[in-house]
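Everything on this sheet refers to the single structure shown next.
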Amino acid sequence: QVQLVESGGGLVQPGGSLRLSCAASGSIFSINTMNWYRQAPGKQRELVATITSGGSTNYANSVKGRFTISRNNAKNTVYLQMNSLKPEDTAIYYCHTKFYGDFWGQGTQVTVSS
């Protein structure tokens, strides 16, 4: 069983920054690819960023150059640093991984508004 707990969401003005954290339970963290997804109201959930166990990263085109995913295997934690935030980044952000099935966190709300 894998448990994922996100934190760090909130209300921020356009152009601002936030850092999301996802703490994972279980010993499989260091060998797993970790993902951040987001879901805006009325839209499908979309993949935002991915980091492999080796540290390779990939981003959605909409966030490239603004968001950075990273991980600390010693702390079983993955991060999403979000800079130059835009109103269209407003969504619930979810941490995700696969281990004989899909595991999701409960989500953290990010609202970008003036």
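Hydrogens, waters and symmetry mates play no part in the numbers below; they use all other heavy atoms, side chains included. For this chain, numbers begin at 1 and follow the sequence in order.
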query = Are more than 12 heavy atoms from other residues, nucleotides or ligands located less than 6.0 Å from atom CD of Q109?
reply =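 Counting neighbours around CD of Q109, more than 12 heavy atoms of other residues, nucleotides or ligands fall under 6.0 Å, so yes.
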query = With a cut-off of 6.0 Å (strictly less than), are more than 12 heavy atoms of other residues, nucleotides or ligands near CD of Q44?
reply =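 Incorrect, the count does not exceed 12.
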Following the transitive rule for hydrophobic clusters with a side-chain heavy-atom cut-off under 4.5 Å over Ile, Leu, Val, Met, Phe, Trp and Tyr, establish whether [X] and [Y] coincide in one cluster.
X: F103; Y: Y79; value: no
X: V48; Y: V110; value: yes
X: M82; Y: L47; value: no

inquiry  = Within the 3.5 Å criterion, strictly below it, is a donor on R38 or Y93 matched to an acceptor on the partner's side chain?
reply    =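 Side chains of R38 and Y93: pair found under 3.5 Å.
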query = Any chance the side chains of N83 and S17 put a donor and an acceptor closer than 3.5 Å?
reply =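 Yes.
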message = As a test of understanding, state which of T68, T50, I51 forms a side-chain contact (heavy atoms from CB on, under 4.5 Å) with T57.
response =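 Of T68, T50, I51, side-chain contact (heavy atoms from CB on, under 4.5 Å) with T57 is met by I51 alone.
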message = Tell me if the centroids of the rings in W36 and F67 come within less than 6.0 Å of each other.
response =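 Centroid distance W36-F67: not below 6.0 Å, so no.
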Quick one: does [X]'s side chain have a donor or acceptor within less than 3.5 Å of a partner on [Y]'s backbone?
X: T111; Y: L11; answer: no
X: Y59; Y: I69; answer: yes
X: T77; Y: K75; answer: yes
X: E6; Y: G107; answer: yes
X: T97; Y: M34; answer: no
X: T90; Y: V112; answer: yes

ask   = Do the side chains of V78 and L80 get nearer than 4.5 Å, heavy atoms only?
value =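 No. Closest side-chain heavy atoms not under 4.5 Å.
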task = Please work out whether the ring planes of W104 and Y94 are parallel, tilted or perpendicular, with thresholds of 30° and 60°.
result =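 Geometry flag for Y94 against W104: perpendicular rings.
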query = Do you know the tightest heavy-atom contact between N32 and R71?
reply =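 Where N32 meets R71 most closely, the heavy atoms are O-NH1, 2.8 Å.
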ask   = Can you name the nearest heavy-atom pair linking G8 to L18, along with the distance?
value =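 The pair with the smallest heavy-atom distance is O-CD2, 3.8 Å.
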